[in-house]
Amino acid sequence: MKAFVFPGQGAQFSGMGKELYDNNPKAKELFDKANEILGFEITKIMFEGTAEELKQTKVTQPAVFLHSVISAICLGDQFDAEMVAGHSLGEFSALVAAGALSFEDGLKLVSKRAMAMQKACEAAPSTMAAIIGLEDAKIEEICAGISKEGNIVVPANYNNPGQLVISGNKEAIAEACEQLKAAGAKRALPLPVGGAFHSPLMQPAKDELQAAIEATEFRTPKVPVYQNVDAKAHTNPAEIKENLIAQLTAPVKWTYEVQQMIADGATDFVECGPGKALQGMIAKIAKGNDAVTISGIA
């Protein structure tokens, strides 16, 4: 079975989507429509912007979404997914590709999500760190021992076996990194992000996005959508909405999501969008499974 997967924030690069825009009339039409919806020329920043400009929250999330979704749409009949999934922001791309959300509504929600997350980041000094080479259970235990009201640290992204990203207040992250290294982590790397994504510190963003999601029409997707919150397949629009709302403060269970997709018959994973981050993660998750192939479409 073929599974299309969609990347999240961090996959952006200068020049992203330009080849699509220049060579495909449908892509050009959709990029131009995106400029109108957003009220600024995101294409100019995507095609010519500096890394710093692309890092602006109001740009990054819509840019990755647009590159991913337009790549999928331009495949036409070659978009032959039998299941889809996306990492964090990528879940919105997956939902549009699967027909659960319109292109316009997906872009509006992603833009709203980016702005809401930016506001939440500014409200509390917070960050994230990647923990390499330690068991998930040990990381969970240490975070739980440190975390308390006003100084939170929680597991945020279960990326692949041996790599878990933690999220929280800066002081709690620093303390957790020290304890995790002492417990045997090979590395504890602070990430260049502006806030604690997928943690309780995103509650204000979740409240803001909830109203927007509830007011948006979701349809039954053409294929099952595997969601970050519970790592399970969903086709019920009400459940999909609920999980999408919960996603902002809950961890991304990517390791378990991919394992579930493989258990459900996925053998051919195609990353659709900028970068190759998911291909690397899936290779580690499916290590030793010769039945699984991994490729990408940009």
Checking T255 against N160 for the side chain to side chain donor-acceptor pair (under 3.5 Å) test, could you report, in this order, the C-alpha distance in whole Å, the side-chain angles of both residues, the deciding distance, and whether it holds? CA-CA 5 Å; T255 300; N160 52 250; over 6 Å; no
Side chain to side chain contact (heavy atoms under 4.5 Å, CB included) evaluation trace for I166 with C143: CA-CA 8 Å; I166 60 172; C143 286; 3.8 Å; yes
[X] to [Y] - nearest heavy-atom pair and separation:
{"X": "L38", "Y": "P62", "value": "CD1-CB, 4.1 Å"}
{"X": "M128", "Y": "G195", "value": "CG-O, 3.5 Å"}
{"X": "D264", "Y": "M1", "value": "O-SD, 3.6 Å"}
{"X": "S199", "Y": "V154", "value": "CB-CG2, 3.6 Å"}
{"X": "P155", "Y": "L164", "value": "CB-CD2, 3.6 Å"}
{"X": "A124", "Y": "L201", "value": "CB-CD2, 4.5 Å"}

Are the side chains of [Y] and [X] in contact, using a 4.5 Å heavy-atom criterion?
{"X": "L107", "Y": "S102", "answer": "no"}
{"X": "K253", "Y": "Y226", "answer": "no"}
{"X": "L101", "Y": "L109", "answer": "yes"}
{"X": "V84", "Y": "V5", "answer": "no"}
{"X": "E271", "Y": "I297", "answer": "no"}

Scan side-chain atoms only and decide if [X] and [Y] contain a donor-acceptor pair under the 3.5 Å cut-off.
{"X": "N243", "Y": "E239", "answer": "no"}
{"X": "Y256", "Y": "N228", "answer": "no"}
{"X": "R113", "Y": "Q247", "answer": "yes"}
{"X": "D105", "Y": "T216", "answer": "no"}
{"X": "E19", "Y": "N23", "answer": "no"}
{"X": "S88", "Y": "H198", "answer": "yes"}

Nearest-0.5 Å distance, [atom1] of residue [X] to [atom2] of residue [Y]:
{"X": "D32", "Y": "T43", "atom1": "CG", "atom2": "OG1", "result": "6.5 Å"}
{"X": "Q12", "Y": "I45", "atom1": "CD", "atom2": "CD1", "result": "12.0 Å"}
{"X": "C272", "Y": "F4", "atom1": "SG", "atom2": "CZ", "result": "6.0 Å"}

Presence of salt bridge, [Y] and [X], under 4.0 angstrom:
{"X": "K33", "Y": "E36", "result": "no"}
{"X": "E257", "Y": "K232", "result": "no"}
{"X": "E29", "Y": "K26", "result": "yes"}

Pair F31 and F47, ring centroids less than 6.0 Å apart: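 Judged by ring-centre distance (under 6.0 Å), F31 and F47 do meet the cut-off.
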Let's go through K138 and E141 carefully: what are the C-alpha distance in whole Å and the side-chain angles of both, what is the deciding distance for salt bridge (Lys or Arg N to Asp or Glu O under 4.0 Å) to 0.1 Å, and is it a yes or a no? CA-CA 5 Å; K138 190 67 184 170; E141 179 194 321; 3.5 Å; yes
Kindly confirm or rule out a cation-pi arrangement of K2 over F269, judged by NZ or CZ under 6.0 Å from the six-membered ring centre and within 45° of its axis?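 So K2 doesn't make the cation-pi contact.
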[X] atom [atom1], neighbour heavy-atom count above 12 within 6.0 Å:
{"X": "Q279", "atom1": "CD", "result": "yes"}
{"X": "Q210", "atom1": "CD", "result": "yes"}
{"X": "K55", "atom1": "NZ", "result": "no"}
{"X": "E104", "atom1": "CD", "result": "yes"}
{"X": "R219", "atom1": "CZ", "result": "yes"}

Chi angles and distances behind the side chain to side chain contact (heavy atoms under 4.5 Å, CB included) call for L244, F92: CA-CA 8 Å; L244 207 54; F92 288 83; 3.7 Å; yes
In chain order, what residues pass the side-chain contact (heavy atoms from CB on, under 4.5 Å) check against E178, with sequence neighbours excluded?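 Only K181 meet the side-chain contact (heavy atoms from CB on, under 4.5 Å) criterion with E178.
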With side chain to side chain contact (heavy atoms under 4.5 Å, CB included) as the test, would you mind laying out the steps for L95 and F218 before giving the verdict? CA-CA 9 Å; L95 287 165; F218 280 64; 4.2 Å; yes
Quick one, V153 with N169, criterion side chain to side chain contact (heavy atoms under 4.5 Å, CB included). Give me CA distance, side-chain angles, the key distance, then yes/no. CA-CA 6 Å; V153 57; N169 296 101; over 6 Å; no
